[in-house]
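Here is the structure we will look at, set down as structure tokens.
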Amino acid sequence: MGLTNTDIQSAQGAEQTDGNIITTTIDKVINWGRKNSLWPMPFGTACCAIEMMATLASKFDLSRFGSEAIRFSPRQSDLLIVSGRISIKMMPVLKRIYDQMPDPKWVISMGACASCGGVFDTYTLIQGVDQFIPVDVYIPGCPPRPEDLIDAVLQVQQKIASGASPKGVEHLLET
Amino acid sequence: MNEEKEVEEQSIPLVLEKLEEHHADALLSQDEMRGTIVAVVRKEQVYAVLEYLKTDPELAYTFLVDVTAVDNSQMESELMQFDYARFMVVYQLYSYQGQCRVRVKVPVHENDLSVPSVTGLWRGANWLERETYDMFGINFEGHPDLRRILTPDDFQGHPLQKDYPLRGRGERESFNFDKQNA
Ligand code: SF4
């Protein structure tokens, strides 16, 4: 699949002069690359993870959006997908994995449990991971459909393309 | 299928019969619940009873399915039965030979939350007893490594005790990440 010049222009706000010369900014080119090759770090702790696996498998095929390179090492990934319940014992692990990811990093909180504790309003369950790590995109649902996860990835892509900083960086700048 | 049933029907009375014969002084009560024999035993004799159930060649309850406990503190009817013992430690056994189950229960008073460990009979009891300790605060005497297993090491209290608040005591909001990552 070849990208036409119009594709590049519309996506990146680049300008084409005559011939094959395109002018743009370094940031835009870098963001274009980042956006189309997000490497997810899956943090699947419960039922939502099954939907995440479905999203990655052939039927829904997240690789259509450039995110098929699942990394189980946080050092090699830039998108953390928290899918499932996070218990008080798991939270330090999640925080550590988030800390180990190189910047810029993005976080998707998938499902009711990760976003707010869901139906598990008990002593052991974190009532929303955003209390401890910055979340860029939330997905509602119990569990969300694979299309919802794809939509969330596309929203992250949009954020990257627009040049916005990840929540984590904004957070750092504030404090 | 029919054959299986026959075996069950035969062996259900057998276990009670044999318990009556060999451990009558240990039995506090006996009951049948959906095809499972429920025997309530005195704490002092529980190890001997379980050992007997496991090693007797006719019974051969060789598989310890589960160890858990029940907090009856809000169940007056249950409390009354066994001299206001707050907890009931429950052992589920299965016999491959007889293809039947037996449930052994032990009343435990709050002022003496200890039960002998059965890790010597079944090594698989190790984690089950740790879980029961973690959730109910039952001390299993003679357990090789009685640490918490589900909750974090520095957790306070035993969450399946009925007086533990459902939403906890603030542990889900307060974290000391520095300490935990050290
Ligand atoms: S949101 Fe629903 S599907 Fe997802 S982890 Fe929670 S209970 Fe499971």
Return yes if a side-chain donor-acceptor contact under 3.5 Å exists between A:S63 and A:D61, otherwise no.
yes
No-hydrogen, no-angle side-chain donor-acceptor test under 3.5 Å, B:Y91 and B:D66:
no
Under a 4.0 Å threshold between the charged nitrogen and the carboxylate oxygen, would A:R34 count as salt-bridged to A:D78?
no
Out of curiosity, B:Q30 CD to B:K105 NZ, how far, rounded to the nearest 0.5 Å?
13.5 Å
Which residues in residues 20-29 of chain B have any heavy atom lying under 4.5 Å from a heavy atom of chain A?
none
Under a 3.5 Å threshold, yes or no: a donor from one side chain and an acceptor from the other, between B:T119 and B:N126?
no
Gap separating the CZ atom of B:R147 from the CH2 atom of B:W127, nearest 0.5 angstrom:
9.5 Å
Do any of residues 156-172 of chain B come closer than 4.5 Å to chain A, heavy atom to heavy atom, and if so which ones, in number order?
B:P159, B:Y164, B:P165, B:L166, B:R167, B:G168, B:E171, B:R172
Quick check with a 6.0 Å cut-off and a 45 degree axis cone: is A:K159 positioned over the face of A:W106's six-membered ring?
no
Donor-acceptor pair between B:S117 and B:E141 side chains, under 3.5 angstrom:
no
Which of residues 109-124 of chain A have a heavy atom under 4.5 Å from any heavy atom of chain B?
A:D121, A:T122, A:Y123
For B:F136, the ring-ring contact (aromatic ring centres under 6.0 Å, His included) test, sequence neighbours excluded, returns none
What's the shortest heavy-atom distance between A:M41 and A:S73, and which atoms?
SD-C, 4.1 Å
Could you check whether B:E44 pairs with B:R42 (Lys NZ or Arg NE/NH1/NH2 to Asp/Glu carboxylate O, under 4.0 Å)?
no
Could you tell me which non-hydrogen atom of A:P166 sits nearest to which non-hydrogen atom of A:P104, and how far apart they are?
CG-CB, 4.0 Å
Mind running side chain to side chain donor-acceptor pair (under 3.5 Å) on B:Q45 and B:Y52 for me, showing each step along the way?
CA-CA 11 Å; B:Q45 279 119 311; B:Y52 174 71; over 6 Å; no
